[in-house]
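Here the structure comes first, spelled out in structure tokens, and everything after it is commentary.
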There are 2 protein chains.
Amino acid sequence: MTTPQLRDAILRGEFLPGERLVEAQLMTRFSASRFTVRAALQDLASEGLVQVERNRGAHVRKVSLEEAVEITEVRMVVEGLIAARAAERVTDEQAGELDEIGLLMRRAVETQEHRRYSDLNQRLHGFVRQIAGHGTADRIVETLRGQLVRHQFTLSLLPGRPQISLPQHERVIAAIRDRDPKAAETAMRDHIASVIEALRSIEQLGGPS
Amino acid sequence: MTTPQLRDAILRGEFLPGERLVEAQLMTRFSASRFTVRAALQDLASEGLVQVERNRGAHVRKVSLEEAVEITEVRMVVEGLIAARAAERVTDEQAGELDEIGLLMRRAVETQEHRRYSDLNQRLHGFVRQIAGHGTADRIVETLRGQLVRHQFTLSLLPGRPQISLPQHERVIAAIRDRDPKAAETAMRDHIASVIEALRSIEQLGGPS
DNA sequence: GCTGACAGGATTGTCAACAATCCACCGGGA
DNA sequence: TCCCGGTGGATTGTTGACAATCCTGTCAGC
């Protein structure tokens with residue numbers, strides 16, 4: 001399949017938002033047939049990563065900041081649901097691993113390893129989703145996440161962000177560990193609400209990219 | 001396009017869940033080319049209405065009751081978000097129309113016009129989404145709704161349901177009219193939580209359809 | 001009678017050629 | 001100079017044929 005290759009290429013930023021995706025180019029780029037390329041474009045269009053207009057071809061979807069906020073708002077409530085369910089289903093072993101991730105995060109913040117913190121951030125969210133085992137919510141969050149990787153990328157490197165989000169993450173972990181669904185949902189929502197704030201603050205700095 | 005035709009046919013129940021969708025049959029059924037049929041199947045697969053397995057063709061997706069609950073759980077939180085935002089943005093005119101829908105609902109319950117009540121139910125939810133103007137949430141809810149029309153169909157005709165859901169709907173309307181986002185979200189979540197309960201109760205009656 | 005391999009048909013996957021469409025460029029006229 | 005219509009090249013849309021795969025029914029061997 002070419003779909004994952006093209007997806008990765010877009011997510012890595014090898015194609016810029018708004019850039020045209022010409023079928024012939026992609027054929028040589030991935031040494032695939034046109035049939036395969038078109039299928040991949042269709043798939044990614046349904047994921048919201050590319051936009052296809054009839055007779056006008058495919059572009060990498062450009063998400064405005066307003067859209068990014070919308071997407072993150074939905075992520076906020078869905079991940080809240082996920083956190084609540086994770087709190088209901090977490091096993092002792094999983095709780096231990098959550099605590100460990102929390103520890104690593106704190107250490108990464110202390111040593112200012114921003115990239116590592118960003119990775120742990122993703123790992124935490126992913127692990128919570130795994131604990132929840134909510135297939136429907138999982139798919140949606142994954143799709144939404146893909147739509148704004150480029151925004152998130154800039155976000156995690158904002159100065160001061162880790163200091164803000166670390167305690168939020170720790171609260172999420174604590175609530176799940178304590179098997180308190182309501183607190184877990186609130187903590188997760190508060191966390192992502194602050195992500196939205198940060199997103200909005202970027203706008204005033206002159207927009208993402 | 002054949003996609004809407006096929007979608008409608010599935011939603012109307014002309015193809016039963018689990019039924020095989022043979023391309024050749026669909027070609028004659030919709031007098032469309034195979035290319036078009038395949039595109040439609042792909043589209044509906046990305047909407048979750050159809051399931052395609054490589055070399056094994058497409059089936060109408062069969063959603064288990066557990067999945068239906070999952071789907072409705074996500075709908076619960078996303079429509080909660082929508083209700084909150086509707087409460088922030090509702091105009092006076094829209095508030096008036098909301099009240100009117102509420103009135104019609106109450107009347108439909110009193111006269112036991114179940115089908116009419118079900119229609120008004122959809123109209124209310126749709127109108128709230130329109131007020132909210134949240135494109136991302138809107139798409140997701142619409143997609144999710146499509147995935148369990150067959151369940152909902154049986155649900156709205158359950159005896160006693162209207163009496164339970166009417167006051168919930170009225171609370172949603174009141175909260176939005178009063179421009180109270182938090183109350184609107186709570187009311188909407190409570191309402192859909194009760195839908196989930198009703199869904200679960202069906203299981204004990206021997207499954208849906 | 002039962003199991004397993006093996007055709008045969010049905011169904012889907014893939015391709016390459018052709019048709020339709022759009023876009024940018026060019027030239028003529030006001 | 002500016003506007004407008006036409007034209008050619010590039011790009012996407014669609015078709016039909018062919019290849020690969022899977023499922024079903026059949027038959028030989030145990």
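We name chains A, B, ... by the order of the sequence lines, and we start the count at 1 in each one.
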Nearest-angstrom distance from the residue atom [atom1] of [X] to [atom2] of [N]:
X        : N       : atom1 : atom2 : result
Glu53(A) : dA20(C) : CD    : C1'   : 18 Å
Arg34(A) : dT14(C) : CZ    : P     : 16 Å
Leu41(A) : dT12(D) : CG    : P     : 9 Å
Asp43(B) : dG13(D) : CG    : P     : 13 Å

Between Arg20(B) and Gln25(A), just flag the one whose closest nucleotide in DNA chain D comes earlier from the 5' side.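 In this pair, the answer is Gln25(A).
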Are there more than 12 heavy atoms of other residues, nucleotides or ligands under 6.0 Å from atom CD of Gln163(B)? yes
Measure the acute angle between the ring planes of His125(B) and His191(B), then classify it against the limits of 30° and 60° as parallel, tilted or perpendicular.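 Correct class here is tilted.
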Please determine whether a side-chain nitrogen or oxygen atom of Arg38(A) lies at a distance below 4.0 Å from atom OP1 or OP2 of dG13(D).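 Looking at the OP1 and OP2 atoms of dG13(D), one of them is under 4.0 Å from a side-chain N or O of Arg38(A).
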Which nucleotide sits closest to the side chain of [X]: [options]?
X        : options                   : result
Arg56(A) : dT11(D), dC22(C), dC15(C) : dC22(C)
Ser33(A) : dT14(D), dT11(D), dC15(C) : dC15(C)
Glu23(A) : dT14(C), dT12(C), dG13(D) : dG13(D)
Phe35(B) : dT14(D), dT12(C), dC15(C) : dT14(D)
Asn55(B) : dG13(C), dT21(C), dT11(C) : dG13(C)
Val22(B) : dT15(D), dT12(C), dC15(C) : dT12(C)

Pick base, sugar-phosphate or nothing for Arg54(B), based on heavy-atom distances below 4.0 Å to the nucleic acid. sugar-phosphate
Side chains of Thr136(B) and Glu67(A): any donor to acceptor distance under 3.5 Å? no
Between the side chains of Ser194(A) and Arg161(A), does any donor sit under 3.5 Å from an acceptor? yes
